[in-house]
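Quick note on labels: first sequence line is chain A, next is B, and so on, each numbered from 1. No hydrogens, no waters, no symmetry mates; every other heavy atom, side chains included, goes into these values. Quantities reported herein were computed from a predicted structural model and do not represent experimental measurements.
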Protein chains: 2
Amino acid sequence: MRRDTQRREAIRNTILEAQRPLTISEIFELTRQKIEGIGIATVYRSLKTLQEDGVIVPVNFSGQPVRWEGADKCHHHHFLCLSCNKLYEIPSCPEGLARILPEGFDLEDHDLLLRGRCNACAGK
Amino acid sequence: MRRDTQRREAIRNTILEAQRPLTISEIFELTRQKIEGIGIATVYRSLKTLQEDGVIVPVNFSGQPVRWEGADKCHHHHFLCLSCNKLYEIPSCPEGLARILPEGFDLEDHDLLLRGRCNACAGK
DNA sequence: GTCGTTGCAAAGCGTTTGCAGCCTA
DNA sequence: TAGGCTGCAAACGCTTTGCAACGAC
């Protein structure tokens with residue numbers, strides 16, 4: 001049985017209201033602005049239960065610390081602009097990925113990160 | 001000035017001879033079969049210098065420990081088995097990725113991780 | 001009142017580093 | 001012989017956990 005607590009609610013809102021995926025220390029700092037005495041252990045425990053409850057999902061980029069974003073987004077990918085370093089959400093998804101797998105492999109899921117120049121930077 | 005040592009050479013061979021990217025503990029265990037007294041610190045230090053020398057590259061994926069593979073490989077992708085947690089190399093590459101990008105975006109590069117069951121685990 | 005939640009501090013765990021001895025060139 | 005390399009153990013930083021107090025229901 002899960003209880004609705006002030007702290008977990010604050011952490012949840014911090015993540016869902018952010019415009020981008022947040023690292024654990026960002027979540028900790030931002031939530032501490034709302035609830036001063038909150039401990040880092042509570043952040044870790046809340047991230048775990050929020051993920052279990054399907055409220056948030058982890059986002060990983062190569063060599064970067066884990067970040068968290070709301071799970072309410074549709075399946076999407078990311079595009080990193082190599083010029084301005086901005087991260088875009090790409091709502092589309094390539095088809096036929098299973099075709100590149102060796103015989104006998106079952107595909108369940110995938111992560112895709114595209115890199116290049118966004119429209120603003122490509123035009124320059 | 002870099003010296004050619006037995007230990008770094010053994011670590012280098014362990015990685016280059018593997019059929020898939022290896023985690024640090026895999027590299028440590030496999031190399032220890034060749035050189036019994038080798039220490040984990042030597043593995044970490046050798047990975048660093050081998051990367052600096054462009055011999056190996058790190059492979060980072062969602063929630064997974066860093067793995068290492070030879071830097072001499074052609075463009076390829078990876079498949080993570082959700083049962084046995086092994087990371088496989090996929091030599092093929094999906095086509096038409098640029099099609100999912102918004103208008104005006106230039107695609108230069110991409111990372112793709114597929115997840116599912118490998119042929120050994122899917123058969124069970 | 002029950003028992004899930006929390007802050008604190010300690011424990012874990014993977015990685016890095018200081019050091020003295022070893023080994024390559 | 002110089003100085004890069006190594007094993008050991010201690011240090012480090014991030015994450016998890018034990019525990020007693022707190023608070024949601």
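- Here Ile24(A) lies in heavy-atom contact (under 4.0 Å) with sugar-phosphate atoms only.
- Each of Glu69(B), Glu89(B), Glu26(B) was evaluated against Arg20(B); a single residue qualifies, Glu26(B), per the side chain to side chain donor-acceptor pair (under 3.5 Å) test.
- Nearest-nucleotide positions on DNA chain D for Ala41(B) and Met1(B) put Met1(B) closer to the 5' end.
- Protein atom CD1 of Ile38(A) is 15 Å distant from nucleotide atom C1' of dG23(D), rounded to whole Å.
- For the pair Arg8(B) and dC5(D), the criterion of a side-chain N or O lying under 4.0 Å from OP1 or OP2 is met.
- If you take CD of Gln6(B) and C1' of dC22(C), they are 12 Å apart, rounded to a whole angstrom.
- Atoms CZ (Phe28(B)) and C1' (dG14(C)) sit 13 Å apart, rounded to a whole Å.
- More than 12 heavy atoms of other residues, nucleotides or ligands lie within 6.0 Å of CD in Glu29(A), so this atom counts as buried by the packing criterion.
- For the pair Asp53(B) CG and dC5(D) P, the interatomic distance rounds to 9 Å; values are reported in whole Å.
- Atom CZ in Arg45(B) sits roughly 14 Å away from atom P in dA9(D) (whole-Å rounding).
- Contact annotation for Arg7(B): backbone-only contact, meaning every heavy-atom pair under 4.0 Å involves sugar-phosphate atoms and none involves a base.
- Looking at which nucleotide of DNA chain D each of Arg3(B) and Gly37(B) is closest to, the 5′-most match is held by Arg3(B).
- Ionic pairing of Asp106(A) and Arg117(B) is not present here: no N-O contact between side-chain nitrogen and carboxylate oxygen is shorter than 4.0 angstrom.
- Atom pair Arg32(B):CZ and dT6(D):P shows a separation of 16 Å (rounding to whole Å applied).
- Look at CG on Leu47(B): it is 15 Å from C1' on dC5(D), rounded to the nearest Å.
- Straight-line distance from the CG atom of Leu50(A) to the P atom of dT5(C): 11 Å, rounded to whole Å.
- Comparing Ser25(B) and Arg2(A) against DNA chain C, the residue whose closest nucleotide sits nearer the 5' end is Arg2(A).
- Atom NZ of Lys34(B) and atom CD of Gln6(B) lie 11.0 Å apart (nearest 0.5 Å).
- Between His75(A) and His110(A), the ring planes lie perpendicular to each other; the angle is over 60°, past the 30° to 60° tilted range.
- Residue Thr5(A) has a polar side-chain atom (N or O) positioned under 4.0 Å from OP1 or OP2 of dT6(C).
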Problem - Under the 3.5 Å Watson-Crick or G-U criterion, the dot-bracket string of DNA chain D, with | for inter-strand pairs - result: |||||||||||||||||||||||||
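- Side-chain N or O atoms of Arg7(A) include none that pairs as donor or acceptor with a backbone N or O of Ser46(A) at under 3.5 Å.
- In this structure, the separation between CG on Leu114(B) and CG on Leu87(B) is 10.0 Å, given to the nearest 0.5 Å.
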